[in-house]
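Predicted model only: the values in this text are computed from it and were never measured.
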Amino acid sequence: KAYCLSFGGHCVRWGFEGERVYAGKIFKGSEHTVRFRPSSQFLDFELPISDDAVDAAKKAVIEANNIVDGYVRAYCWRGSEMMAISAQQTTAHLAIAAWEWPSYFDPETKMKGITLDIASWKRPSPESAPVHAKAAGLYMICTLSKHEAERKGFQDALMMDYRGYIA
């Protein structure tokens with residue numbers, strides 16, 4: 001179940017930043033928020049509230065929903081006013097969602113180390129996508145790669161960039 005605190009409408013283009021919550025505390029929350037602002041700028045818009053307000057909203061959402069071990073994700077987008085390629089006349093919005101989420105891997109696996117496959121998908125060249133932004137469209141290849149690795153018996157996939165370097 002996801003819980004959301006929203007500051008706007010629906011989306012034409014969007015970015016996000018997500019953090020794990022351990023024992024009711026957001027792991028490196030402020031550092032993620034600092035990285036969040038440049039992601040929106042790479043997507044050609046500004047976050048509609050300050051970094052301190054983003055951090056306060058994330059904290060409020062996890063506290064209001066008693067999330068002890070989970071995940072919190074801030075989303076930003078623009079484009080509620082119209083659906084078009086050009087979104088320069090639209091406003092930016094922000095939402096915070098959170099949900100309970102236990103550890104990704106069980107404790108024994110984490111201590112032994114996980115198995116990785118090399119993904120068949122590559123991270124795109126910086127000239128072909130806004131690779132410096134955490135944006136929804138770039139994450140599909142991660143999902144596809146993980147699913148492929150799991151079908152082969154691995155626990156996850158290691159992404160490479162377009163040059164063959166670890167991404």
Side-chain angles (χ1 to χ4, degrees), residues 1-11 13-40 42-43 47-77 93-124 129-161 165-167:
K1 187 171 184 182
Y3 305 93
C4 188
L5 174 63
S6 180
F7 297 93
H10 68 278
C11 133
R13 58 178 88 136
W14 63 281
F16 66 91
E17 195 64 43
E19 301 98 66
R20 288 300 305 249
V21 177
Y22 300 106
K25 304 287 183 212
I26 300 171
F27 182 72
K28 295 189 178 268
S30 294
E31 290 93 331
H32 282 90
T33 299
V34 166
R35 188 171 71 175
F36 189 30
R37 191 163 299 280
S39 284
S40 67
F42 278 120
L43 298 172
L47 291 179
I49 63 175
S50 71
D51 289 358
D52 288 341
V54 172
D55 287 339
K58 291 188 297 188
K59 185 177 179 188
V61 169
I62 65 164
E63 287 176 356
N65 294 284
N66 299 314
I67 305 285
V68 176
D69 292 309
Y71 186 82
V72 62
R73 180 175 281 183
Y75 298 88
C76 61
W77 69 92
H93 307 281
L94 177 78
I96 310 291
W99 50 93
E100 292 181 7
W101 190 3
S103 180
Y104 203 59
F105 300 106
D106 66 77
E108 182 180 331
T109 300
K110 283 196 305 191
M111 294 308 293
K112 287 191 320 188
I114 64 168
T115 59
L116 288 175
D117 189 17
I118 303 296
S120 57
W121 292 95
K122 304 276 188 259
R123 292 283 189 174
V131 298
H132 302 296
K134 280 186 99 173
L138 301 176
Y139 269 66
M140 182 48 63
I141 58 175
C142 299
T143 300
L144 293 170
S145 296
K146 182 169 177 58
H147 290 178
E148 181 181 358
E150 288 172 342
R151 281 193 297 275
K152 292 178 179 177
F154 295 93
Q155 291 158 326
D156 213 335
L158 180 66
M159 298 295 299
M160 309 299 260
D161 72 8
Y165 294 119
I166 294 173

K.L.:
Before giving the answer on side-chain contact (heavy atoms from CB on, under 4.5 Å), spell out for Ile67 and Val72 the whole-Å C-alpha distance, their side-chain angles and the decisive distance to 0.1 Å.
P.N.:
CA-CA 9 Å; Ile67 305 285; Val72 62; over 6 Å; no
K.L.:
Can you tell me how far apart CZ (Arg123) and CD1 (Ile166) are? Round to the nearest 0.5 Å.
P.N.:
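Between Arg123 CZ and Ile166 CD1, I get 13.0 Å after rounding to 0.5 Å.
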K.L.:
Could you tell me whether Lys146 and Glu150 make a salt bridge, using a distance below 4.0 angstrom between a side-chain N and a carboxylate O?
P.N.:
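Here Lys146 pairs with Glu150 in a salt bridge, since their nearest N and O are under 4.0 Å apart.
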K.L.:
How long is the gap from NZ on Lys112 to CG on Asp106, to the nearest 0.5 Å?
P.N.:
8.0 Å
K.L.:
What are the two closest heavy atoms between Ile62 and Ala98, and how far apart are they?
P.N.:
CG2-CB, 4.0 Å
K.L.:
Kindly compute the distance separating CE (Met159) from OG (Ser120), expressed to the nearest 0.5 Å.
P.N.:
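Reported value, rounded in 0.5 Å steps: 8.5 Å.
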K.L.:
Examine distances only and state if a side-chain atom of Arg73 and a backbone atom of Trp99 form a donor-acceptor pair shorter than 3.5 Å.
P.N.:
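The answer is no, because no donor-acceptor pair under 3.5 Å joins these two groups.
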K.L.:
Side chains of Val54 and Leu94: closer than 4.5 Å at any heavy-atom pair?
P.N.:
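They are in contact (side-chain heavy atoms under 4.5 Å apart), so the answer is yes.
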K.L.:
I need the Tyr75 OH to Phe36 CZ distance, nearest 0.5 Å.
P.N.:
10.0 Å
K.L.:
Working to the nearest 0.5 angstrom, can you tell me the gap between Asp51 CG and His32 NE2?
P.N.:
13.5 Å
K.L.:
Please report the interatomic distance OG(Ser145) to NZ(Lys122), rounded to the nearest 0.5 Å.
P.N.:
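Rounded to the nearest 0.5 Å, the OG-NZ separation comes to 9.0 Å.
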K.L.:
Taking Thr33 as the fixed residue, which of Lys58, Glu19, Glu17 is the one that meets the side-chain hydrogen bond (donor to acceptor under 3.5 Å, both in side chains) rule?
P.N.:
Lys58
K.L.:
Check Ile49 against Arg37 and note the closest heavy-atom contact, atom names and distance.
P.N.:
O-NH2, 2.7 Å
K.L.:
Grab the two heavy atoms, one from Cys76 and one from Leu47, that are nearest each other, plus how far apart they are.
P.N.:
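That closest heavy-atom pairing would be CB-CD2, 3.4 Å.
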K.L.:
Heavy atoms only: give me the nearest Gly29-Asp55 pair and the separation to one decimal.
P.N.:
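Scanning both residues completely, I find the closest heavy atoms to be O-OD1, 3.6 Å.
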K.L.:
Ignoring hydrogens and geometry, is there a side-chain-to-backbone donor-acceptor pair from Gln155 to Thr115 under 3.5 Å?
P.N.:
yes
K.L.:
For Phe27, is the CZ atom crowded, meaning more than 12 foreign heavy atoms sit under 6.0 Å from it?
P.N.:
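Open.
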K.L.:
Quick one: does Asp69's side chain have a donor or acceptor within less than 3.5 Å of a partner on Ala23's backbone?
P.N.:
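Yes, Asp69 side chain to Ala23 backbone: donor-acceptor pair under 3.5 Å.
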